[in-house]
Amino acid sequence: MLFRVAIAFACLFIIAGVAGQPAGDTALAVQQTIAPVTSLIATNHEYDNGTGIDLIWVPSIDDRLAPSRVTGYEVWRSVVGGSGSRIAELPAGANKFTDEQCSRESTYVYSVVAISVAGNAVSISTAPIQPAREWINLHRLNLLAIAFLVSAAVIYFIQSARSGKKLFVRKIAGLDAVDDAIGRATEMGRPILFIPGIQDMDDVQTIAAITILGRVSRVVADYDTKIKMPVSRSLVMTAARETIKASYMAAGRPDAYNDDMVSYVTDEQFGYVAAVDGIMVREKPATCFYLGAFFAESLILAETGNSVGAIQIAGTAMPAQIPFFVAACDFALIGEELFAASAYLSNEPKQLGSLKGQDVGKAVALVVIVVGTMAATIGSAWDVTFMNQLWSALKVVFQTN
Amino acid sequence: MESGLMHHVALWLAAFLTLGIFSFLYRDNTWYKVCEAIFVGISAGYWFVAYFWDNLYTKFWVGVWVTPMADRPDDWYVLYVGAALGILMLLRLVPKVGWISRWPLAFIVGATAGLYLVTYFASNVMLQIEDTVRPIFGAENDAPIYEIIGNIVVAVGTFTGLIYFFFSKEHRGAFGRAAKVGIFFLMITFGASFGYTVMSRMSLLIGRMDFLFSDWLKLIK
């Protein structure tokens with residue numbers, strides 16, 4: 001009996017002793033504290049404008065447990081001599097971060113805080129680092145090499161054209177219709193409407209349109225047909241007036257040229273469309289040219305032109321608008337045909353050489369697609385080492401980042 | 001009260017102009033001509049004001065005269081280059097030296113071509129090739145049939161499409177037949193794109209109808 005009472009007292013003593021322990025007892029604290037991240041290193045982010053710093057670290061050892069005791073990480077940054085601030089919150093498992101909001105004039109120090117329910121652990125700070133910018137992005141050397149190859153081909157063909165060599169460019173369907181369409185307008189005594197898209201002179205499609213305008217206006221000047229050209233950009237108006245004027249002078253009829261042939265309407269897309277639609281139904285042009293960069297207005301213009309019975313010749317490289325021109329116009333220059341037409345009609349060495357140079361690039365792409373697809377397919381289907389190596393090499397050459 | 005009145009006036013004016021533009025669907029008429037003139041006039045004025053405040057004031061004036069020297073970026077002085085080009089452009093108004101206006105035009109065309117070259121090349125050439133070249137039967141040789149067909153369509157479509165846009169050779173013989181396949185692919189793509197874009201155009205029409213029947217006539221709540 002005495003023995004049982006002694007056991008009972010001993011139990012009560014132990015229970016009371018455990019319950020009376022403070023919350024921060026060593027045994028419990030060891031269980032809850034987490035380890036900080038280690039090996040935190042800050043390096044300059046390569047090939048940028050001096051605005052990035054890369055951070056890499058070894059995650060907290062408690063982040064490797066299953067389940068992880070780390071709930072996330074915070075990245076803190078301070079400018080040397082200034083106060084720190086939190087710049088990012090990352091999930092558990094993260095081991096790198098790029099700070100892209102740096103200034104080249106400042107020096108920074110970073111630390112990473114491992115977060116857990118029980119408490120946080122701050123890492124040792126990095127050494128001070130100042131971002132630097134690089135002039136050349138060596139990650140894109142492959143891009144440079146291919147651009148050089150195509151550029152060299154372009155320069156070669158331009159020089160060939162300049163030296164008098166005849167460069168062959170296949171006939172483009174639809175271009176024959178240009179002269180016929182202008183002749184039709186002449187016979188009907190109605191004007192020609194030329195719409196050069198709604199983009200400015202910094203768009204290559206507008207430049208191609210203005211080049212074709214040179215040829216169209218030359219025929220217009222020869223036939224003494226009227227041409228009307230409402231534009232939505234002031235620079236295009238300037239360029240178009242100069243082009244038409246040059247054509248009239250080349251045709252020996254400078255007196256017939258009039259600045260009113262080209263008129264500025266508005267930069268606003270649908271305001272321009274409303275005005276052009278009005279011109280179409282009032283002046284009833286016999287021929288409409290839509291050449292250049294178009295957006296949502298393409299079908300509105302083409303349908304209105306169709307409703308007044310005009311012959312319509314269109315060309316654009318805007319993929320979403322080509323279907324509308326194909327459906328609503330009599331002739332459509334699809335994508336790059338617009339630039340080819342510009343080169344074909346102008347017969348200018350620079351444009352012809354450029355077109356031929358691009359064909360070299362396309363030939364290379366054709367070969368790469370055939371060889372690459374065969375290598376990838378054979379390599380993965382039959383595990384042929386050489387084919388796999390070839391595929392890997394092509395991937396390296398044509399990778400974009 | 002006044003704002004409520006103005007709201008109603010604006011609502012009726014917007015409805016009047018919307019219906020005026022819609023009236024063109026019937027035929028050209030005076031109502032449409034009035035709306036067209038208002039639209040063109042206001043938009044031209046709007047863009048003039050927008051360009052003035054966005055470029056001349058916000059970029060140049062504020063950048064050169066208002067921003068304290070300490071807050072300016074390293075290369076703030078390039079704003080003077082832009083201003084100089086703008087002045088050269090305006091020389092077009094002086095007939096004797098109007099030819100100088102071609103210089104800023106040449107600068108714009110050349111600089112833009114250079115800037116676009118990298119992104120154009122990366123997205124339209126490199127990425128296209130990178131995405132086209134892939135194992136037909138999948139990387140692990142276990143692709144499902146629909147993926148195999150998709151890979152073949154991508155490879156053949158890109159190959160024949162490129163042949164169609166090859167201008168240094170006449171489209172005759174096998175080359176011509178491949179180009180014909182290419183144009184078939186293009187037309188099918190255009191058909192799909194046509195349908196997709198028509199859908200987005202319909203949403204624009206629905207937006208205007210919603211304005212007329214909900215905001216103006218209150219027939220839809």
Side-chain angles (χ1 to χ4, degrees), chain A residues 104 140 142-143 146-147 168-170 172 200-204 207 235 238-239 265-268 270-272 274-275 277-278 281-282 296 299 319-320 322-324 326-327 334-337 340 355-356 359 361-363 365-366 368-370 372-373 376-377 379-381 391 394-395 398-400, chain B residues 21 24 27-28 32-33 35-36 39-44 46-47 51 74 89 92 101 105 108-109 111-113 116-118 121-123 125-130 132-141 155 158-159 162-163 165-171 186-187 190-191 193-194 197 201 204:
Chain A
R104 286 196 305 277
R140 290 192 160 183
N142 59 337
L143 194 67
I146 295 171
F168 173 78
V169 173
R170 74 169 166 81
I172 296 155
D200 219 328
M201 286 307 294
D202 58 356
D203 193 300
V204 69
I207 296 170
L235 283 180
T238 305
V265 180
T266 171
D267 277 47
E268 161 64 33
F270 289 109
Y272 175 69
D277 278 356
V281 293
R282 280 159 224 151
L299 187 60
I322 296 170
F324 296 119
V326 169
I334 301 165
E336 213 184 336
E337 283 184 333
L355 190 69
K356 298 289 279 188
D359 272 1
K362 283 176 218 158
L366 285 169
V368 169
I369 287 171
V370 172
T373 306
T377 305
S380 55
W391 181 30
L394 286 174
K395 277 204 284 193
F398 288 95
Q399 70 181 3
T400 46
Chain B
I21 293 291
F24 186 74
R27 57 186 285 187
D28 190 31
Y32 176 77
K33 284 177 187 169
C35 295
E36 176 199 319
F39 196 2
V40 170
I42 288 178
S43 61
Y46 169 80
W47 281 108
Y51 282 141
D74 292 349
M89 198 72 222
R92 180 159 187 83
S101 66
L105 205 61
I108 291 167
V109 172
T112 313
Y116 285 168
L117 181 74
V118 177
F121 221 83
S123 61
V125 180
M126 310 279 275
L127 201 61
Q128 289 282 342
I129 293 174
E130 196 182 357
T132 305
V133 175
R134 58 175 86 166
I136 298 288
F137 305 113
E140 301 298 326
N141 211 19
T158 311
F159 182 80
L162 264 174
I163 283 183
F165 288 111
F166 198 79
F167 298 102
S168 297
K169 191 168 165 51
E170 204 73 69
H171 285 174
L186 286 170
M187 288 302 158
F190 292 155
S193 175
F194 189 101
T197 316
R201 298 289 187 277
L204 288 177

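So you know, we letter chains A, B, ... as the sequences are listed, proteins then strands, and number each from 1.
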What part of [X] lies closer than 4.5 angstrom to a heavy atom of chain A: side chain, backbone, both or neither?
X	answer
B:L105	side chain
B:Y46	neither
B:S43	both
B:R92	side chain

Verdict with reasoning, A:I322 to B:L186, per side chain to side chain contact (heavy atoms under 4.5 Å, CB included):
CA-CA 10 Å; A:I322 296 170; B:L186 286 170; over 6 Å; no
So, A:D359 side chain and B:S168 main chain: donor-acceptor pair closer than 3.5 Å or not?
yes
With a 4.5 angstrom heavy-atom cut-off, is it the side chain or the backbone of [X] that approaches chain B, or both, or neither?
X	answer
A:I334	both
A:D203	neither
A:I369	both

Among the options [options], pick out the one with the most heavy-atom pairs lying under 4.5 Å from chain B.
options	result
A:A296, A:A320, A:A363	A:A296
A:P323, A:A275, A:G379, A:G271	A:P323
A:D200, A:L299, A:I207, A:D277	A:D277
A:V169, A:V265, A:N142, A:T238	A:T238

Please examine the side chains of [Y] and [X], heavy atoms only from C-beta on, and report whether any two atoms are closer than 4.5 Å.
X	Y	result
B:V125	A:I146	no
B:T112	A:M201	no
B:M126	A:L143	yes
B:V133	A:F398	no
A:E337	B:F167	yes
A:V204	B:Y116	no
A:F270	B:I21	no

Partner residues of B:R201 under the salt bridge (charged side-chain N to carboxylate O under 4.0 Å, His left out) criterion, sequence neighbours left out:
none
Among B:M187, B:Q128, B:K33, B:R27, which has the most heavy-atom pairs under 4.5 Å with chain A?
B:K33
